[in-house]
Amino acid sequence: MTNEELWKAVLGEMELSLSRATFITWFKNTVIIARDRNSVVVSVPNGFIKEWLENKFNKKILQSIRTLSPEVREVKYAVGRPKPETLKHDISKVILEKELEEKSTPADDQDIDSVTNLNKRYSFESFIVGSNNELAHAASQGVTKSPGRMYNPLFLYGGVGLGKTHLLHAIGNKLFSENRARRVLYTSAERFTVDIVEAIRNKTIEEFKNNCSKLDLLMIDDIQFIAAKEKTQEIVFSVFNELYGKNKQIILSSDRPPQAIAALEERLRSRFQGGMIADIGIPDYETRLAILRAKCNLKNQSFEDDVLSYIATHIQKNVREIEGALNRVIAFSQIYNRVPDVKEVKNILNAYLTTPYRKTSPQTILKSVADFYSISINDLLKRSRKKEVVKPRQIAMFLLREETKLSFPEIGQKLGGRDHSTVIHACEKIRGESAGDEPLKQELVLIKERVYNSLDR
Ligand code: ADP
Ligand code: MG
């Protein structure tokens, strides 16, 4: 039986037990990429799906495989590149595809250490220091000089794509490379939550806590996700106290300062505030330019100053987007085998800035939905279960998912701190219903018109 046949059989079986929408959500673009006597490797499009398959579906998948291939003991999931389609003539599509390809592999698996979860790509050497991140950088370096002593916990906060995750990994990499015996763990709050839920279900939560308490360095990224998750907060609290009491270093990152994380227990908030808090802001023009130069060096690319300065002038708020723009320009130069001039860069970035993903913002979507249904944005965010707000809220979640690049948890956060499972449910529901329901389909079209024609975006 070929890999393809085997996987097709598994998918057939999975499809029977799931709704169509769920099935598509989790199994689209999955494929067996390797197989030996005892194990099978399945390629999946992104880390989120990998996590879900590992945690929710692995048992079923394995069972299903074993009915056909009983010697298989294990299924592994790897984030893989979707195969680029045959070359299109539309240059902006080609560039977009190339870019998506890079995005879907934010870190190659071989860059990530399987024990510490550290990504080798993120180092202090590749981090550009500017006035926006000076303090966060200095504090991070301080931690590497005397872990557990100087700044404990270290709490870094700032907007999306400004380098928090980069700094966390840089600290971890430095400390781990200095001393390989150090027990270092990088995790995201989302991942941590999933692990905790899993450990509770498997009755291994004491073991889990025990393992955490043996760490020398624990880093939890995007800690704001534990808001409103009581059990997770309880475990974080207990692990925090264990480690802190032994002068072991704890580092947290968040998109906002501790006092602004709603639905966080007071005892945790006060602990998060008890060490060093440093924010990261938006880089100024010089820093943006320096970051671009550094990324070019890393990728062995060189462009005229006016090209880089065009990017630095037009993309300001998010280093990840700056990198995305640079990647587009690099894609262009690879496809055409020459360096673009400023005029071409302008065209490339125009297309970049006006792809559907770029055209809108979460705020615009919320406002458009609220306006359309004559309710307030606040109605969308608050807890009310009234029929008049529940449906608009689900539609808002669905559109945020379709029209922006926000993840399910980020969408939950934007809609008043809801759980990502609520968002997933809403998106599936609206997607499913809109397939058959003409009025709903029509409504979605009208709301999208508002979204893309609104002036305040
Ligand atoms: P955050 O975690 O704050 O959302 P990341 O750490 O993921 O942001 O950063 C997004 C991208 O921008 C990463 O590829 C990172 O390497 C890059 N980046 C951010 N700040 C800097 C910087 N000061 N120097 C170099 N690269 C940076
Ligand atoms: Mg991050």
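Read the numbers this way: they start at 1 and go in the same order the structure lists the ligands and their atoms.
The side chain of K295, and not its backbone, has at least one atom closer than 4.0 Å to an atom of ligand 1 (non-hydrogen atoms only; side chain from C-beta on). By the criterion of a heavy-atom distance under 4.0 Å, neither the backbone nor the side chain of T287 is placed next to ligand 1. Under 4.0 Å from ligand 1, heavy atoms of I128 appear from its side chain as well as its backbone.
Put simply, the side chain of L380 reaches to within 4.5 Å of the side chain of P392, judged on heavy atoms. Side chains of R393 and L381 form no contact here, defined as non-hydrogen atoms less than 4.5 Å apart.
Protein heavy atom at the shortest distance from atom 6 (O) of ligand 1 is H166 N, 2.8 Å. The single protein non-hydrogen atom nearest to atom 8 (O) of ligand 1 is G163 N, 3.0 Å, given as residue, atom name and distance. Looking from atom 25 (C) of ligand 1 to the surrounding protein, the closest heavy atom is S126 O, 3.2 Å. In this structure, the protein non-hydrogen atom closest to atom 11 (C) of ligand 1 is E323 OE1, 3.1 Å. For atom 21 (C) of ligand 1, the nearest non-hydrogen atom of the protein is F127 CE1, 3.9 Å.
Heavy atoms of G159 approach ligand 1 to within less than 4.0 angstrom.
The distance between the ring centers of Y244 and F237 does not fall below 6.0 angstrom. The distance between the ring centers of F124 and H137 falls below 6.0 angstrom. Checked against a 6.0 Å centroid threshold, the rings of F192 and F225 do not count as neighbours.
We find that R320 and E323 are not joined by a salt bridge, their nearest charged nitrogen and carboxylate oxygen being 4.0 Å or further apart. Remark: D216 engages K248 in a salt bridge, criterion side-chain N to carboxylate O under 4.0 Å. Between D305 and R293 there is a salt bridge, since at least one side-chain N of the basic residue sits less than 4.0 Å from a carboxylate O of the acidic one. A salt bridge is defined here as a Lys NZ or Arg NE, NH1 or NH2 lying under 4.0 Å from an Asp or Glu carboxylate O, and D255 with K164 fails to meet this definition. Salt bridge status for E54 with K50: present, with a side-chain N to carboxylate O gap under 4.0 Å. Ion pairing between E428 and R431 fails under the 4.0 Å rule for side-chain N and carboxylate O.
Scanning all heavy atoms of the two residues, the minimum distance from L217 to G172 falls at CD2-CA, 4.0 Å.
At a cut-off of 2.8 Å, measuring from the Mg ion (ligand 2), the protein N, O or S atoms that fall short of it are T165 OG1, waters left aside.
Taking each of S188, G161, A290 in turn, the one with a heavy atom nearest to atom 1 (P) of ligand 1 proves to be G161.
Taking distance alone, with nitrogen or oxygen atoms compared against 3.5 Å, L162 approaches ligand 1 more closely than that limit.
For ligand 1, the atoms lying closer than 4.0 Å to a non-hydrogen atom of V160 are 4 (O).
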